[in-house]
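Position 1 is the first residue of the sequence; numbering continues from there.
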Amino acid sequence: MAPKLPGSVEELRAAGNQSFRNGQFAEAATLYSRALRMLQAQGSLDPEKESVLFSNRAACHLKDGNCVDCIKDCTSALALVPFSMKPLLRRASAYEALEKYPLAYVDYVTVLQIDDSVTSALEGSSRMTRALMDSFGSEWRLKLPSIPLVPVSAQKRWECLPSENRKETAKSKSKETTTAKSRVPSAGDMERARVLKEEGNELVKKGNHKQAIEKYSESLWFSNVESATYSNRALCHLVLKQYKEAVKDCTEALRLDGRNVKAFYRRAQAYKALKDYTSSFADINSLLQIEPRNGPAQKLRQEVNRSLN
């Protein structure tokens, strides 16, 4: 008896997923196409479901090396549900394969605005930075199209993912950190890190703290041996009220330079905001041992001391 053919959009999508897992990418693309036609014929008002089908079909095209159709499908998916990470990442990969590095860079960086721990986007943006610097030199940023500003609603969307996806994100972040720490930066890497750090500093002066975090993160990918880059990124996290991230960056800064006064002060501020007054007080005291006349630290110690008492 012949197997029953899929008869609904969900069945077609499930069959496509199975074919994709089996490495039958052309067959999967055909099944996703049938599901799309059926969904559109029904006049469905479910843009998310339609977007997923376009994104899934794009993955098939990417696996088969059909980058042009992959880009078309990803663009269709993003028109339906803007700032979806999977189509952004797939389109970035397709642009990169076609050596359209400015466009790939924009998509990778857009993903990092949504979730700055996505390893493939971190590595992709770094690859594109190197390729663009090699092609255009220090003026490479002038060759970029405008980078869209991701709304807060899309930046928070990943937090609503199922728990297994959040675990995978945490795993990716750990892997990214381990990879960065295991790298020995070359002289070229050190120079790129310096340039990116300075660009981050300029963004801070303009009040663009989210974009500055991206620059400091890129800088640290090339070279993670400068304490000031971590303490500068910690300042951005403080401004954005991302206190736990600020503590982590200050801790890393102090691991590299145990006399980094700014790192002690910013970690004390972050601990105070987290109501960990004991740790905050300890950091202020460590700072004042280095700079006994530091006015802001003396004032902060008084504030924290009142909270302790």
Side-chain angles (χ1 to χ4, degrees), residues 51 55-56 58-59 62-63 67 70-71 73-75 77-78 81-133 140-141 144-161 165-183 189 192-193 196 199-200 203 208-224 229 233 236-237 240 242 245 248-249:
S51 177
S55 179
N56 287 1
L62 189 62
K63 287 288 189 180
C67 294
C70 173
I71 290 166
D73 274 354
C74 289
T75 302
L78 291 163
V81 181
F83 305 114
S84 297
M85 284 205 290
K86 284 185 178 180
L88 279 168
L89 285 168
R90 287 163 186 167
R91 189 170 69 177
S93 295
Y95 279 140
E96 183 175 353
L98 294 174
E99 298 185 5
K100 295 184 177 183
Y101 300 137
L103 293 170
Y105 178 87
V106 168
D107 278 351
Y108 283 130
V109 170
T110 302
V111 170
L112 292 174
Q113 288 185 65
I114 302 166
D115 179 359
D116 65 3
S117 69
V118 178
T119 306
S120 56
L122 284 161
E123 293 176 349
S125 66
S126 296
R127 283 195 308 274
M128 294 307 93
T129 299
R130 291 195 296 273
L132 289 163
M133 288 184 77
W140 66 274
R141 291 190 179 276
L144 296 176
S146 61
I147 298 173
L149 182 63
V150 178
V152 174
S153 58
Q155 292 176 32
K156 298 296 182 185
R157 186 188 300 153
W158 71 276
E159 293 177 355
C160 302
L161 290 173
N165 288 0
R166 292 200 300 273
K167 287 176 186 173
E168 188 60 33
T169 295
K171 205 185 299 177
S172 296
K173 190 161 192 173
S174 172
K175 180 183 173 186
E176 171 251 315
T177 304
T178 303
T179 302
K181 286 183 179 178
S182 66
R183 294 178 69 250
D189 288 338
R192 286 173 176 137
L196 287 162
E199 289 178 5
L203 287 165
N208 296 332
H209 294 95
K210 286 184 181 179
Q211 292 179 37
I213 286 174
E214 292 174 20
K215 295 297 176 193
Y216 293 136
S217 297
E218 285 185 61
S219 175
L220 289 166
W221 194 92
F222 283 108
S223 172
N224 62 346
T229 309
R233 190 170 69 175
C236 299
H237 286 309
L240 297 171
Q242 298 167 344
E245 288 84 350
K248 289 176 185 176
D249 273 352

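One distance of note links CZ of Arg127 with CD of Glu96; it measures 4.0 Å at 0.5 Å rounding. Distance check, rounded to the nearest 0.5 Å: SG of Cys236 to CD of Glu245 gives 12.0 Å. Atom-to-atom distance recorded for Ser126:OG and Arg192:CZ is 10.5 Å, nearest 0.5 angstrom. Atoms OG1 and CG, on Thr110 and Leu78 in that order, are 9.5 Å from each other to the nearest 0.5 Å. Atoms CD and CZ, from Gln242 and Arg233 in turn, are 10.5 Å apart once rounded to the nearest 0.5 Å. The line from CG of Asp249 to NE2 of His237 is 4.5 Å long, rounded to the nearest 0.5 Å.
Here the side chains of Ile213 and Leu240 are in contact, with some heavy-atom distance below 4.5 Å. Under the 4.5 Å side-chain criterion, counting only non-hydrogen atoms from C-beta, Leu98 is not in contact with Leu103. Side-chain contact between Phe222 and Thr129: present, with at least one pair of heavy atoms (C-beta onward) separated by less than 4.5 Å. Taking 4.5 Å as the limit, every side-chain heavy atom of Val111 sits out of range of all side-chain heavy atoms of Asp107. You'll find the side chain of Glu214 stays beyond 4.5 Å of the side chain of Leu203, heavy atoms only. Side-chain atoms of Trp221 and Glu123, non-hydrogen and from C-beta on, do get closer than 4.5 Å to each other.
The shortest heavy-atom contact between Cys67 and Ala94 is O-CB, 3.8 Å. Closest approach of Ala193 to Ser223, counting heavy atoms only: CB-CB, 3.7 Å. Nearest heavy-atom pair across Ala58 and Cys74 is CB-SG, 3.5 Å.
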List the steps, then state whether side-chain contact (heavy atoms from CB on, under 4.5 Å) holds for Ile147 with Gln211.
CA-CA 10 Å; Ile147 298 173; Gln211 292 179 37; over 6 Å; no
Step-by-step side-chain contact (heavy atoms from CB on, under 4.5 Å) determination, Met128 to Tyr95:
CA-CA 11 Å; Met128 294 307 93; Tyr95 279 140; over 6 Å; no
Kindly indicate, with the supporting measurements, whether the criterion side-chain contact (heavy atoms from CB on, under 4.5 Å) is fulfilled by Leu88 and Ile114.
CA-CA 11 Å; Leu88 279 168; Ile114 302 166; 3.9 Å; yes
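Taking Leu112 as the reference, Ala121, Leu122, Ser125 meet the side chain to side chain contact (heavy atoms under 4.5 Å, CB included) condition, with sequence neighbours excluded.
A donor-acceptor distance shorter than 3.5 angstrom exists from the side chain of Ser93 to the backbone of Leu89, with no hydrogens or angles considered. The backbone N or O of Ser55 lies less than 3.5 Å from a partner atom in the side chain of Arg90, making a donor-acceptor pair. Judged by distance alone, the side chain of Gln113 and the main-chain N or O of Pro148 form a donor-acceptor pair under 3.5 Å.
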